[in-house]
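Here the structure comes first, spelled out in structure tokens, and everything after it is commentary.
Fair warning: this is a prediction, and the values are worked out from it, not measured in the lab. Letters A, B, ... mirror the listed sequences (proteins, then strands); counts begin at 1.
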Amino acid sequence: MTDTTSTTSTTTTAPSAATKGDGLARAYRPSDVEGAIYERWLAADVFAPDGAGSRARADAESFTIIQPPPNITGSLHLGHAQRAAVEDLMIRHARMTGRAALFLPGLDHASIAAQFVLDRILAEEGESRQSLGRERYLERMQEFVTTTREVILGQERRLGASLDWDRLRYTMDDGSAKAVRVAFKTLYDRELAYRSEALVNWCPGCRTSVSDLEVISSPETGTLWSIRYHLIDDATGEPLPDETVTVATTRPETILGDTAVAVHPDDDRYRTIVGRRVRIPFVERDVPVIADDVVDPAFGTGAVKITPAHDHDDHETGKRHGLPMPTILDDAAAIAATGTAYDGLDRYVARDAILADLAARGDLAGEQPHELVLGRCDRSNDVVEPRLKTQWFIRTGPLAAAALAATRSGAVRIVPDRFDKTWEHWLTNIRDWNVSRQLWWGHRIPAWYCPDGHVTVSSEIDGPAGCDVCGRPAAELRQDPDIFDTWFSSGLWPFSTLGWPDETADLRRFYPTSVLETGWEIIFFWVARMVMLGIELTGRPPFHTISLSGLIRDPLGKKMSKTKGNVVDPLAVMEEAGADALRFALIHGATAGMDQRFGPQKLELARNFANKLWNAARFVLGARPAELAADAPRTTAPESDLGPTERWIRSRAAATVEAVDRGLAEYQFGEITRALHDGIWSEFCDWGIELAKVRLADETVPPAQRAATWSTLVDALDTYLRLLHPVMPFVTEAIWAEVPRRPGDPELLIVASWPASEGRDTTSDARIGEIVDTIVALRNARAQASIPAGAWLETHLAPPADAFDAFEELAPAIGRLARARPLSLHRQAAGLARPAGALEVVLPAGDIEATIVPPAASDDTIGRDRARLERELVEAEGHLGAARARLGNASFTEKAPPAVVAGARRREAELSDQVARLRERLGR
RNA sequence: GGGCGAUUGGCUCAGUGGUUAGAGCACGCGGUUCACAUCCGCGGGGUCACUGGUUCGAAUCCAGUAUCGCCCACCA
């Protein structure tokens, strides 16, 4: 069914190519068409803005989306699929508007996440990072990502993402490596990157430091132990058995690193001991009692042990008081270098041992359950330990200020805007960013140290020639063994992918990019850092709009996770329902910044919709009037041949264009699918096609008018296909191949032009509205009276006086759609035939009445009909009462806008008329 | 401790001041009409969480309350 003869040219416009003639298959099977169509797009080279098949003008404004690069270690989940669907939607729309649309694909090496995954695989094989060593470990990683890479790229193709594959990038490729080096060197030269010893978050499981963002606060119940420290006798220098100060701690093992006890300066209980010394047990170290505001006298005993190397508060206190800062934990969080018997014990084993020993000494004063907040590693869930390390940091203050300025000035807009507050809060409280990781898989930090301790940062691929300070040759320099936080290379992504730091043509043309679309959960990890680094390094924010989507949850609202087993595989879904259905379902549920639940019902809605479109297209294409030659080029019907039906169809399509445009402009993606679903199904299929059918089948309608009806249907189908293409690219492209084209239309829908909304009449023909209401009312009366659905019944209809001609013209349609035959029209309701037992129909608006004559009026039928009229009367009277109350309120008529008041009066008139007519019909 | 969001029919969700609050699913009744049973027709079903306020008019704006969820936060 798809055209396979011409896959290279997309600009052929010859009329002979107007139809393919193969027709659409009777049944719609997505899997039959989707793969072949993606191949056609690839062959036609339409994805790249500068591809052979592109219809973007050379000077066209660019529209760029750099794909948020999925982690190379996994496969795509529904969240990826949703983002890709939304991004592809925007790109396809931009492409159809003639812009130079670039959708650049990429992959992220995902340093720590990848190591975590590989480490687990290695563990199953009885190997480990340590057993392999750095070189073999990295080789193994390369092997691993080579296979996963293909899985991901295949999934994106299957989804129909129109990514420019020739521009595929990877955060570990040479271009990214260069960008990382140059970015770091630039930041260093500007004193925005510095090396310093600081307390960092250490994950003992991952054996690396992690950033503040990667530490997850976890409320847990622990124990608060009270421990007695003995004061020192100034005379003897020995601890006093009976003079103690009691401190409280949740981590008793850290007493090995204590270098002070702190109390509040105004705390009378401890005023006398400030300045004295206490002995720390086991390490037998004498440390001072200091006074500091940080201590809350009301908490615990009011005396706090200070461990400057392993606690953030204590570290600050230690700095203020010039305290020593002994480190007591090694990389695995075992006790180390304390000179005690605990050395070599795991932190928790040591904790128990220390508690037992304290108790034995009589210095454990008490314990109580305690609610505390533990920091756990985002990746491994290990409890993170604060630890002193010399690391590289990015000075975020100035960068954050610039990022804030960008959102405040409107240069960068966040959708939805309520995230502005979150953005502001985070960026105004941001701390310097630790970018050193003690991992192997990633970009090595381009800093070299000479034996004298001088630091040389180089952006050269081979490193520096020598020490920047003392000139020692490179051979004597040692490169920092650490790598960068994976988000450092991610932060450069919008420009590193376009060639930065080189002034490439792509960078000039496509940077700054247009929209960043991603989940709100990585707004700090990634989005904020791209904005900060983009502004600092390129002078411009990397995109003008941040569109935030939500999480895809399971039907119960639970987060999807492998351990819960509720993960939905996009590939399986696409096999079952098609990529189009998946895309539609995901976009349909998208409300900016909100999570959505995803289940089979949503997918079914989408699949059914694709099927509906397919069948509507089959009908339209098959309904070509015989007078029109099969290969005749498509023409626009002259205005004079259009009737109410045609004008209505046209106006509804135009209204859908407007609605879709609005959704796009406001990043309200769910509104787009809603407008299309309604427009195509409830308007075009339910009424447009049904009304047109009657005219097309009517031999008495002049051929020119029948041709006009058909071409109106084709025009509308054409418009809907274009509008729907960004959402459901495959089915629309497949149908497009069969739709006769206008001169200038390309062979492939993907590069067809977007429907213009200007100059279209979106005001629907009011007459059709009345006729639709009439048909519905007739059907209703029949169904309520239990008339068999298929029965053709004699019907008498009195249309509104001023609409008689329109009703007369559409009488065949009314007759068919309401199964009214014979149907007679009467100029006045008074003249309506009212045989005994006829069903009475009274429309609320427009002075429309009808009677339906059942073949044999039973009491039952009559009773049901009267009951329906009674219900309608009660309802109408209720509304009438409300309308009169409103109009009776003087302040309403005085203060409400005249149009609203006029509307209320009209409504009141209609209702009172309807009530009167209903009463009359009921014989009251 | 701060901040954000949600609360609308049985379910999932639209709907940011104006007539009668919508959709899909589910439900009930009826349909082999020549595009579609992945369909067609008709119907039932909602005090828009609660309280107060602003307004001629509130699902919608404001204040507060409740429940659920999320984010941020160094108190031992």
Side-chain angles (χ1 to χ4, degrees), chain A residues 24 26-28 199 217 224 247-251 254 262 294-296 299-301 303-307 311-316 370 372-373 375 386 418-419 421-422 425-426 429 520-521 523-524 551 555 557 577 581 588-589 591 593-602 604-623 668 670-671 674 677-678 682 685-686 689-690 693 697 776 779-784 786-790 816-817 819 844 875-876 878-879 882-883 886 889-897 899-901 903-904 906-908 910-911:
Chain A
L24 296 171
R26 194 174 157 74
Y28 168 61
L199 210 55
S217 299
L224 186 67
V247 296
T249 183
T250 55
R251 296 190 294 158
T254 61
V294 79
V295 179
D296 173 5
F299 186 90
T301 60
V304 188
K305 59 190 277 309
I306 301 296
T307 322
D311 182 278
H312 287 101
D313 268 347
D314 292 2
H315 186 67
E316 294 303 312
H370 183 64
L372 72 165
V373 177
R418 67 183 145 84
F419 280 95
K421 251 188 179 163
T422 317
H425 181 258
W426 192 74
N429 294 293
W520 50 258
E521 74 274 10
I523 186 168
F524 305 135
L551 251 46
H588 197 56
T591 308
M594 298 292 290
D595 294 351
Q596 65 163 304
R597 298 179 192 201
F598 184 88
Q601 301 92 336
K602 290 185 177 177
E604 219 167 290
L605 159 76
R607 185 202 55 174
N608 294 352
F609 180 55
N611 182 65
K612 185 74 180 176
L613 177 74
W614 181 267
N615 282 296
R618 281 183 54 218
F619 171 78
V620 171
L621 296 175
Q668 307 262 349
E671 292 303 315
R674 264 179 282 285
H677 189 267
D678 281 4
S682 306
C685 291
D686 286 354
I689 287 182
E690 292 305 324
K693 266 182 189 172
V776 169
R779 286 170 172 172
N780 181 357
R782 294 167 50 114
Q784 300 273 305
S786 296
I787 303 283
R816 169 161 165 171
L817 297 181
R819 296 193 87 70
E875 198 185 337
H879 291 319
R886 180 177 300 112
N889 183 346
S891 48
F892 170 71
T893 47
E894 283 161 22
K895 295 186 182 171
V900 173
V901 177
R906 215 164 30 241
R907 168 116 179 102
E908 193 271 343
E910 273 173 13
L911 282 166

Could you measure between the two C1' atoms, the one in B/U32 and the one in B/C68, and give it in whole Å?
49 Å
Given A/N889 and A/R886, is the side chain to side chain donor-acceptor pair (under 3.5 Å) satisfied, shown in steps?
CA-CA 5 Å; A/N889 183 346; A/R886 180 177 300 112; over 6 Å; no
Give the dot-bracket string for RNA chain B, reading 5' to 3', where a pair is Watson-Crick or G-U wobble with both distances under 3.5 Å, ( ) marks pairs inside the strand, [ ] marks pairs crossing earlier ones, | marks a partner on another strand, and . marks unpaired.
((((((((.[[[[.)..(...]]]].(((((.......))))).....[[[[[..)....]]]]])))))))....
Have a look at A/W520 and say if it touches a base, only the backbone sugar-phosphate, or nothing, with a 4.0 Å heavy-atom cut-off.
sugar-phosphate
Does the protein touch nucleotides 7-19 of chain B at the base, only the backbone, or not at all? Give it as B, S and - per nucleotide, heavy atoms under 4.0 Å.
-----SSS---BB
To the nearest angstrom, the NE2-P distance between A/H370 and B/C75 comes to 10 Å
How far, in whole Å, is B/A14 from B/A23 if one measures between their P atoms?
16 Å
For A/L24 and A/L621, what are the C-alpha separation, side-chain angles and deciding distance, and is it a side chain to side chain contact (heavy atoms under 4.5 Å, CB included)?
CA-CA 9 Å; A/L24 296 171; A/L621 296 175; 3.9 Å; yes
Hits for ring-ring contact (aromatic ring centres under 6.0 Å, His included) against A/H370, two or more places apart or cross-chain, chain-then-number order -> A/F299
Test side chain to side chain contact (heavy atoms under 4.5 Å, CB included) applied to A/H677 and A/L605, step by step
CA-CA 10 Å; A/H677 189 267; A/L605 159 76; 3.3 Å; yes
If you measure from the P atom in B/C27 to the same atom in B/U38, how many Å do you get, rounded?
15 Å
Just how far is it from atom CG of A/L199 to atom NE2 of A/H312, taken to the nearest 0.5 Å?
4.5 Å
Could you tell me whether a side-chain N or O of A/K602 sits under 3.5 Å from a main-chain N or O of A/R597, the two making a donor and an acceptor?
yes
Expressed as a whole number of angstroms, how long is the span from A/K305:NZ to B/C75:C1'?
14 Å
Would you call A/D686 and A/E690 a side-chain contact if the rule is heavy atoms closer than 4.5 Å?
no
Whole-angstrom distance between B/U65 and B/G30, as gauged at atom C1'
48 Å
For atom CD1 of A/I787 and atom C1' of B/C29, their distance in whole Å
14 Å
By side-chain contact (heavy atoms from CB on, under 4.5 Å) - contacts of A/E521 (at least two apart)
A/R83, A/L551
Check whether any side-chain N or O of A/N611 sits under 3.5 Å from a backbone N or O of A/R607 as a donor-acceptor pair, and report yes or no.
no
Counting primed atoms plus P, OP1 and OP2 as sugar-phosphate and everything else as base, spell out the protein contacts along nucleotides 35-43 of chain B at 4.0 Å heavy-atom distance: B, S or - for each nucleotide, 5' to 3'.
BB-BSSSSS
Interatomic distance at C1', B/C50 relative to B/U67, whole Å
11 Å
Relative to the 5' end of RNA chain B, which residue comes earlier, A/D678 or A/S891, by the nucleotide with the nearest heavy atom?
A/D678
When the C1' atoms of B/G45 and B/C25 are considered, how many whole Å apart are they?
14 Å
What's the gap between B/A66 and B/U51 when it is taken at their P atoms, as a whole Å value?
15 Å
Kindly compute the distance separating CZ (A/R779) from CD1 (A/I787), expressed to the nearest 0.5 Å.
15.5 Å
Using atom CG of A/L605 as one end and atom P of B/C25 as the other, report the distance to the nearest whole Å.
7 Å
Rounded to whole angstroms, how far apart are CG on A/L224 and P on B/A76?
8 Å
From CH2 of A/W426 over to P of B/C72, roughly how many Å is that when rounded to an integer?
10 Å
Rounded C1' spacing from B/A21 to B/U8 in Å:
8 Å
Any residue meeting ring-ring contact (aromatic ring centres under 6.0 Å, His included) with A/Y28, in chain and number order, not counting sequence neighbours:
A/W614
For A/F598 and B/G24, what is the distance between atoms CZ and P respectively, to the nearest whole Å?
19 Å
Reckon A/D296 touches a base, only the sugar-phosphate, or nothing at all at heavy-atom distances under 4.0 Å?
base
Criterion side chain to side chain contact (heavy atoms under 4.5 Å, CB included) on A/R674 and A/D678, from CA distance to verdict
CA-CA 6 Å; A/R674 264 179 282 285; A/D678 281 4; 5.5 Å; no
I'd like to know if the side chain of A/R782 and the backbone of A/R819 have a donor-acceptor N/O pair within less than 3.5 Å.
yes
